[in-house]
Amino acid sequence: MSSLLGTHAIVIGAGIGGLATAKLLSSYFAKVTVLERDALPDRAEPRVGTPHCRQAHVLLKAGLQELLNLYPELERELELAGAVRARTAVDILIETPGIDPWPQRDFGFDTLCMTRPLLEFVVRSMTTKEANIDLQPQCRVTKLRLSADQRVTGLTYEQAGAAREITAELIVDASSRGNMTLETLDACGIPRPDEMDIGVDIAYGTGLFRLSENASRSWRGVIHRPAAASGRGGFVFPCENESWQVTLNGMHGDGPPEDLPGFIAFAKTFRTSTIYGALNEATPLGVIHRFAFPSSRRRRFEALTAFPHGLLPIGDVICRFNPAFGQGMTVAAQEIGVLRRLLDEQVGATAPLEGLASAFFKAIQNVLAAPWSLAESDFMYEKTRGARPADFAQRMQFSGALMRVAAQDARVHRLLTEVNHLMASPTLLRDPEIVRKVSAQMAAST
Ligand SMILES: Cc1cc2nc3c(=O)[nH]c(=O)nc-3n(C[C@H](O)[C@H](O)[C@H](O)COP(=O)(O)OP(=O)(O)OC[C@H]3O[C@@H](n4cnc5c(N)ncnc54)[C@H](O)[C@@H]3O)c2cc1C
């Protein structure tokens, strides 16, 4: 990039969202500083600032595609580091109430399976190869700094017990919680964005296992989706070091125990015995780690009439999703794709960063709509907190019938798989031919 948009940008947080944003900004700013509160390991291992990294993380196909735009060698590097390739919808068995299991069909694309620490380590290594990116661990950002005309011009952070200040033309908040963005709005007298919540109160437990080599399996991964009445589900995915991640989850106060016998007994209550059977013969490689996730949450930044210049929240700060759908990293990557388009349009402008956040908030609504709509399916659980969409009952009826159609019809199954991987818009499922088949299915089941 010959035309730069500024001399210095700062990214708060070195999660997947922060790292990929830094990589993007390194093409537009002379220097990019990433400040991360954690010590960062020099290999793929969990860290304190992201306790959820011990839970299974799936990178959807659309997320991989977006990340490949930033890191063309990513797929190769992940495989070299131990990621396991599985053919989507063939190797990964999906069990859904009423369709236990889905037909295994080849739609021509793979899912790369690995732990989140491996993905983050590889992305971090590739990011810090950029000469103009300076990643500083053990630096906790405490406050954003405002000029007299309420522009964000820098921040304060703590490093080794000392408070330090640093200035930049653009500060990206990829801290996940976004407290500093909200506090900065308070300081500017701008109301905080409204929040939509889907209160799922989901509890996860994940352990690493070695699966029995004697068992004959027709799969290299399992997704067991919960029924509305039970809320219990789980995943099994291969990962690096010939290990498997097994995640079990329950909703609204129910969750898998941390002790191994209790964990296995939890899987035994599922509709099918696929995960239980695998677990029962598996060798544990460590303890079970639990994680509680209260709600999917969408902050309506796009509805604000003002936003401080020089600040841009991204990733989970804007919208976080029930992890069971595996969407968060992909949505963060897609938001970065939108940011790339906006920055490209500004190259050569006299005030390139003016109004950037507002344009960004508007432009990412297309990215958020589909995954949010999928997350809304959590309202099928009676105890889910929040405002159910008015047409929820019809939507569930349609999607139940759509799944039965897709189980029989490979073309619809392919499209549904692409929608679930955020590669295709769900509006394509409203194709008249598909709607006709779904309507016939609904009529047949009444
Ligand atoms: C249990 C669970 C399972 C999930 N599974 C999936 C999955 O299967 N697929 C998927 O795509 N997504 C999944 N997600 C979501 C995914 O982790 C996030 O959406 C994604 O990583 C984007 O997050 P982020 O970069 O915005 O924030 P994070 O990855 O949370 O990173 C935020 C970073 O900011 C740092 N930080 C915070 N405050 C400060 C500060 N003051 N100063 C400096 N640094 C700071 C943190 O230490 C951290 O490194 C899951 C989430 C959870 C909770």
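Counting starts at 1 for both ligands and their atoms, following the listed order. Note that this is a predicted model, so its numbers are computed, not measured.
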Aromatic ring proximity, centroids under 6.0 angstrom, His52 and Phe293: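 Ring-ring flag for Phe293/His52: false, centres at least 6.0 Å apart.
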Distance-only N or O hit between ligand 1 and [X], under 3.5 Å:
X	result
His57	yes
Gly328	yes
Arg116	yes
Val58	yes
Val317	no
Phe293	no

Any Arg320 heavy atom less than 4.0 Å to ligand 1: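 In this structure, Arg320 fails to qualify as a contact of ligand 1 - no heavy atom is under 4.0 Å.
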Whether Glu120 side chain and Pro46 backbone form a donor-acceptor pair below 3.5 Å: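 Answer holds: no.
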Donor-acceptor contact below 3.5 Å, side chain Ser230 vs main chain Arg232: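 It does hold such a pair.
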Under 4.0 Å from a heavy atom of [X]: give me the atoms of ligand 1 that qualify, with their elements.
X	value
Ala56	5 (N), 8 (O)
Thr50	48 (C), 49 (O)
Gln327	10 (C), 11 (O)
Gly17	25 (O)
Ser176	27 (O), 30 (O), 32 (C)
Met180	41 (N)
Ala174	32 (C), 33 (C), 34 (O)
His52	1 (C), 2 (C), 17 (O), 30 (O), 51 (C), 52 (C), 53 (C)

Nearest atoms (heavy-atom pairs only) where His8 meets Ala168: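 Answer, listing the atom of His8 first, then Ala168: O-CB, 3.4 Å.
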Thinking salt bridges, do [X] and [Y] make one under a 4.0 Å N-O criterion?
X	Y	result
Lys23	Glu130	yes
Asp194	Arg300	no
Arg85	Asp91	no
Arg271	Glu95	no

Ligand 1 versus [X]: contacting region, heavy-atom distance under 4.0 Å:
X	answer
Cys53	neither
Glu36	both
Ser175	both
Leu35	backbone
Arg47	side chain

Parallel, tilted or perpendicular: rings of [Y] and [X] (30°, 60°):
X	Y	result
Phe107	His413	perpendicular
Phe379	Phe392	perpendicular
Phe270	Phe266	perpendicular
Phe301	Phe361	parallel

Looking only at protein heavy atoms, which one is nearest to [atom], and what is the separation?
atom	answer
atom 42 (N) of ligand 1	Val141 N, 3.0 Å
atom 3 (C) of ligand 1	Pro323 CB, 3.2 Å
atom 11 (O) of ligand 1	Met329 N, 2.7 Å
atom 39 (C) of ligand 1	Arg37 CD, 3.9 Å
atom 34 (O) of ligand 1	Gly13 CA, 3.2 Å
atom 31 (O) of ligand 1	Gly15 CA, 3.5 Å

Nearest option to atom 23 (O) of ligand 1, as decided by whichever heavy atom of Ile314, Asp316, Asn249 sits closest: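 Of the listed residues, Asp316 has the closest heavy atom.
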Steps toward side-chain hydrogen bond (donor to acceptor under 3.5 Å, both in side chains) verdict (Thr181, Asp173): CA-CA 7 Å; Thr181 291; Asp173 184 354; 2.7 Å; yes
side-chain contact (heavy atoms from CB on, under 4.5 Å) partner of Leu19, the single match among Leu70, Leu67, Val123, Leu24: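 Filter result, single survivor: Val123.
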Spacing of Tyr71 atom OH and Thr127 atom OG1 [to the nearest 0.5 Å]: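 Between Tyr71 OH and Thr127 OG1, I get 3.0 Å after rounding to 0.5 Å.
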Flag if over 12 foreign heavy atoms under 6.0 Å of CZ, Arg145: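 Result for CZ/Arg145: open.
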